[in-house]
Amino acid sequence: PEVLLLDEPLSNLDAKLRAEMRVELRELQQRIDVTSIYVTHDQEEALAISDRIIVMHGGLIEQVGTPAEIYDRPRTRFVADFIGAANIIVGQVEPNGSDGTVMLRTGGGTVVRCQRPPVMPSGEAAVSVRTVYPELHRAEPGDTTNVWPGRVARRVFLGDSVQYFVDWDGGRALSVRKPPLDTLNEGEPVFVRIDPRHCVFVEQ
């Protein structure tokens with residue numbers, strides 16, 4: 001066929017077989033070189049097998065882009081929440097920082113420096129931070145840009161990763177995923193650091 005249409009083809013498989021079949025389907029599609037339209041609600045599946053992703057919500061297109069663009073530069077809050085895991089930080093936009101960043105002041109008074117977006121926001125705005133990007137340190141890091149004290153409120157062991165929920169002054173607890181190496185304890189004080197490049201403004 002000129003176009004192959006697939007509608008949730010792996011939804012009834014167990015997790016291990018589904019992961020294997022993603023690779024098989026991707027290799028098959030590249031080998032026969034046929035345009036494929038693949039419908040899925042599995043975000044990892046979409047990222048793993050796609051050249052281009054269309055994210056839809058309520059019958060409308062929210063964003064179109066490569067997997068990397070959708071993941072690292074979500075345009076809307078829905079896309080940030082739906083594709084991958086993200087923290088949403090809400091606050092008021094303040095004048096640009098001296099380093100070319102844009103400052104967002106949360107309700108608790110915490111200032112988050114963010115990468116300047118193509119269109120400068122104003123007033124109340126939201127920022128997306130993927131859960132893999134925050135750094136957790138036992139001692140305060142040397143680079144103090146976007147560094148805040150916090151405390152590990154909860155730790156969840158997920159096998160290949162550990163999910164931490166960290167209380168800080170910037171709003172709701174931050175969700176952070178890290179490899180299960182040198183794990184932090186619940187109640188342990190930490191310093192959170194987020195590179196401004198990973199703080200992305202999204203439409204609310």
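One is the number of the first residue; the rest follow in order along the sequence. Just so you know, these numbers use all the heavy atoms, side chains as well, and skip hydrogens, waters and symmetry mates.
For the pair Glu44 and Arg22, the salt-bridge criterion is met [side-chain N within less than 4.0 Å of a carboxylate O]. Taking a cutoff of 4.0 Å between a charged side-chain nitrogen and a carboxylate oxygen, Arg130 and Asp72 do not qualify as a salt bridge. A salt bridge is absent between Glu27 and Arg31: the closest approach of a Lys/Arg side-chain nitrogen to an acidic carboxylate oxygen does not fall below 4.0 angstrom.
The two atoms that bring Pro149 and Trp168 nearest to each other are O-CB, 4.0 Å, heavy atoms only. The two residues Phe78 and Val55 come nearest to each other via the heavy atoms CE2-CG1, 3.9 Å. Across every non-hydrogen atom of Val202 and Pro74, the tightest pair is CG1-O, 3.3 Å.
Listed by chain and number, the residues in a side-chain contact (heavy atoms from CB on, under 4.5 Å) with Leu5 are Val3, Ile37 (sequence neighbours excluded). Taking Tyr38 as the reference, nothing meets the ring-ring contact (aromatic ring centres under 6.0 Å, His included) condition, with sequence neighbours excluded. Not a single ring-ring contact (aromatic ring centres under 6.0 Å, His included) links His137 to another residue, sequence neighbours left out. Remark: Tyr133 engages His198 in a ring-ring contact (aromatic ring centres under 6.0 Å, His included) (not counting sequence neighbours).
With hydrogens and angles ignored, the 3.5 Å screen pairs a side-chain donor or acceptor of Gln29 with a backbone N or O of Val34. The backbone N or O of Arg73 lies less than 3.5 Å from a partner atom in the side chain of Gln63, making a donor-acceptor pair. Judged purely by atom type and a 3.5 angstrom limit, Thr131 has no side-chain atom pairing as donor or acceptor with the backbone of Val129. No donor-acceptor pair closer than 3.5 Å links the side chain of Ser50 to the backbone N or O of Ile53.
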Stepwise side chain to side chain donor-acceptor pair (under 3.5 Å) check, Thr76 with Glu203: CA-CA 4 Å; Thr76 67; Glu203 298 172 13; over 6 Å; no

CA sep, side-chain torsions, deciding dist, call: Lys178, Ser161, side chain to side chain contact (heavy atoms under 4.5 Å, CB included): CA-CA 5 Å; Lys178 293 297 171 189; Ser161 64; over 6 Å; no

Test log, rule side chain to side chain contact (heavy atoms under 4.5 Å, CB included), inputs Val90 and Thr106: CA-CA 6 Å; Val90 178; Thr106 69; over 6 Å; no

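Sorted by first and then second residue, the pairs that involve residues 48-58 and meet salt bridge (Lys or Arg N to Asp or Glu O under 4.0 Å), not counting sequence neighbours, are Arg26-Asp51. Each salt bridge (Lys or Arg N to Asp or Glu O under 4.0 Å) pair with one or both residues in residues 149-173, not counting sequence neighbours, would appear here, but there are none.
To the nearest 0.5 Å, atoms CZ (Phe165) and CG (Asn87) are separated by 9.0 Å. Taken from OG1 in Thr101 to CZ in Arg197, the straight-line distance is 13.0 Å, to the nearest 0.5 Å.
Among the candidates Arg113, Met120, Gln115, the single residue satisfying the side chain to side chain contact (heavy atoms under 4.5 Å, CB included) test with Val102 is Met120. Just one residue in the list Asn146, Val166, Val176 forms a side chain to side chain contact (heavy atoms under 4.5 Å, CB included) with Val192, and that residue is Val166.
Under the 4.5 Å side-chain contact rule for hydrophobic residues, Phe191 and Ile89 do not share a cluster. Cluster membership check: Leu136 shares its hydrophobic cluster with Phe157, using side-chain heavy-atom separations under 4.5 Å among Ile, Leu, Val, Met, Phe, Trp and Tyr. Under the 4.5 Å side-chain heavy-atom criterion for Ile, Leu, Val, Met, Phe, Trp and Tyr, Val79 and Ile61 are members of distinct hydrophobic clusters.
A heavy-atom distance below 4.5 Å is found between the side chains of Trp148 and Val112.
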